[in-house]
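All values below come from the heavy atoms of this structure, side chains included, with hydrogens, waters and symmetry mates left out. Worth saying up front: this structure is predicted, and the values here are computed from it rather than measured. We count ligands from 1, going down the list as the structure has it; atoms in each ligand are counted the same way.
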Amino acid sequence: MQEKYHPADIERAAQAHWQQTGAARAVEDPSRPKYYCLSMFPYPSGKLHMGHVRNYTIGDVLARFHKMLGFNVLQPMGWDAFGMPAENAAIQNKVPPAKWTYANIDYMRSQLQRLGFAIDWEREVATCSPAYYRWEQWLFTRLFEKGLIYKKLGTVNWDPVDQTVLANEQVIDGRGWRSGALVEKREIPMYYMKITAYAEELLADLDKLDGWPEQVRLMQKNWIGKSTGVRLAFPYELDGKADKLWVFTTRADTLMGVTFVAVAAEHPLAARAAQDNPALAAFIAECKKGGVAEADLATMEKKGMPTGLCVQHPLSGAPIPVWVGNYVLMSYGEGAVMAVPGHDERDFAFAQQYGLPIRQVIAVPGETFDATVWQPWYGDKTVGVCVNSGKYDGLDHAAAVDAIAADLAAKGLGEKKTQFRLRDWGISRQRYWGCPIPIVHCADCGDVPVPDAQLPVLLPENVEITGTGSPLARMPEFFETTCPKCGKPAKRETDTMDTFVESSWYFLRYACPDNDQAMLDARVNYWCQGGIDQYIGGIEHAILHLLYARFFTKLIRDLGLPGMAPLDEPFKRLLTQGMVVAPTFYREGADGKKCWINPADVDVSTDERGRPRGATLKADGLPVRIGGIETGCRSRRTTGSIPRP
Ligand code: ANZ
Ligand code: ZN
């Protein structure tokens, strides 16, 4: 035996042996218990990063351990190969996205192989290959026919200079990342998946996932965001017509404390009021400018403007002023809120800022109300009872909601309602490097799904990317076609699908990657029975990817594909790892701009707990600044010359 471990020799020999004997090949064997060990597949960005190595090492250890325990182990690998970085690289390096992607896959596969992971490479899938996305298109047509995919207008970020739609992450401080132009919002027709039809089941089944971290289940629960409340109306008259302003509230017990209502900037009533109010029109335009994302709602500065209109309180009939508020979302509930500044923190801040009345209508024994500072108990529905609310005084939250909902219902001004925060999933992307949406637009027949025999709709691979709009929309040889129904000339859809669609079912396809007759087959039953035994991946996918994957599993179950046993949930156990992070280093140039420095070019001194204390540039021995701790994925390289401190 050798004294020393020589990885280069020993590992090469061991890997050659595993390769020869097919040690990692997974073959269905109903006589043995299976163990399906799945790691989130990587985006082929170029090279593996530390996060990949850690993730796949965890998977490999679990796979080998279960093999030793006698399980029939499947550990597959593939590539989440569509997406924007390939287009950006194509612009920079003038290489077609396909070529760049396939080269990266080859390189990263060789890296994974050198690491010696026990992966069954015969099951490798790349989502950008027609053999894969063909079935995604097939599924799309089935869901479209069932009404589970439908078309409606959606809002996108429009770059007026580059004449292209931008993803949210391409909008930086309201401007296009390439052009620097102020980004506008545009409404365009897009396809949506009806995930809301599964909201109730996606929520309820979280209880079954006892092999998942509690934190992830909670994040999904909050994302689905079920709330029970009351939908109620404030009547008004405008332009000689009687109408109603609807709101959704979880606190109908506070109805007698409403001092104003606030509508979203996109609300029709706001638009109507702005017609004869230029200042309001300007304010609304400003509100609409912010990004499409609905983040930062709780913490952002509350801004508003009165519309000059009033509505009637549904029970007391008192006039209630209508405001436009930037904290009201058009996409949630009714796009309008009944504001109760005494008991809602956001309304409280808004009322204080604009000098609107604040009324106490809930009392908690032993606490006094002071309208100058927000106290958390003001919003606590679990302990208070109604006050200053006439006949509802003394009722607790549940009793007051019941009584008020009944009175509203009697007047035709409200009813109890369950509301979800979850929205339908817009899957259209105005990008090139993605799975083409298999629809043909015919002037006579409308949107016609591409028939099975004409699938896949091939994505042309040898294209030039310029950064201004999708090349597909400039390729008549791609979009000029005939209607599958009537045979007349028609236009092919040029949008592609969100890449989250591909990652929503790849784990099922690993069971039968070679099937060119069907999307999935009975081999899925063997490997996925009772769920995939272990899923390992980054915590950044806790919400969207995992929710979409659960949704697809249920969609596929309900389509009832031939030979497939019903599967409710894809992942029995989930292990999420944090992000691999590292400190960053920089110097400031004369212009105040930060120049980031490669950690390899820096000497760092650390304290007794290993935290960086000071750092100097190797090249000149002078100090550099220590920036924040960041993920390694977007590795920062030293660019240009580093300024001296
Ligand atoms: C009055 C009220 C009084 C409210 C109170 C809360 C506390 P969840 O639980 O997330 O469903 N709301 C309703 N629609 C909104 C919209 N489009 N944009 C912003 N906020 C909206 O939240 C429901 C509560 O969020 C609703 O209950 C409403 O404020 C607000 F003491 O109504 B509440
Ligand atoms: Zn037609």
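A heavy-atom separation below 4.0 Å is found between Ser227 and ligand 1. Not close to ligand 1: Tyr378, with no non-hydrogen atom less than 4.0 angstrom away. Heavy-atom distances between Arg346 and ligand 1 reach below 4.0 Å in at least one pair.
Take the Zn ion (ligand 2) as the corner point: the lines to SG of Cys442 and to SG of Cys483 open at 110°, to the nearest 10 degrees. With the Zn ion (ligand 2) as the vertex, atom SG of Cys486 and atom SG of Cys445 span an angle of 110° (nearest 10 degrees).
Nearest approach of Met219 to Ile543, heavy atoms of both residues: CB-CG1, 3.9 Å. Looking at every heavy atom in both residues, Ala233 comes nearest to Pro314 through O-CB, 3.2 Å. When every heavy atom of Lys146 is checked against every heavy atom of Leu559, the shortest pair comes out as CD-CD2, 3.5 Å.
At a heavy-atom cutoff of 4.0 Å, ligand 1 is contacted by the side chain of Val337 but not by its backbone. When heavy-atom distances to ligand 1 are checked against a 4.0 Å cut-off, Thr254 comes that close only through its side chain, counted from C-beta outward.
Nearest-heavy-atom check against atom 31 (F) of ligand 1 across His343, Arg421, Glu334 picks out His343. Across the listed options Phe248, Tyr332, Tyr327, Tyr327 owns the non-hydrogen atom lying nearest to atom 19 (C) of ligand 1. Nearest to atom 2 (C) of ligand 1 by heavy atom, out of Arg251, Met330, Arg231, is Arg251.
For the ring-ring contact (aromatic ring centres under 6.0 Å, His included) criterion with Tyr548, the lone passing option out of Trp223, Tyr198, Trp425 is Trp425.
A donor-acceptor contact shorter than 3.5 Å is absent between the side chain of Asp243 and the backbone of Glu237. Between the side chain of Asn326 and the backbone N or O of Ala264, no donor-acceptor pair lies under 3.5 Å. Remark: side-chain polar atoms of Gln220 are paired, donor with acceptor, to backbone N or O of Ala542 under 3.5 angstrom.
Short contacts between ligand 1 and Val340, defined as distances under 4.0 Å to a heavy atom of the residue, involve ligand atoms 1 (C), 3 (C). Ligand 1 places these atoms under 4.0 Å from at least one heavy atom of Val328: 16 (C), 17 (N), 18 (N), 19 (C). Every atom of ligand 1 with a heavy atom of Met338 under 4.0 Å away is listed here by number and element: 1 (C), 32 (O).
Within the cation-pi definition used here (under 6.0 Å to the ring centroid, within 45° of the axis), Lys152 qualifies as a partner of Tyr192. Judged by a 6.0 Å distance limit and a 45° cone about the ring axis, Arg217 is not positioned over the six-membered ring of Trp212.
The distance criterion of under 3.5 Å between nitrogen or oxygen atoms is not met by Gly333 with respect to ligand 1.
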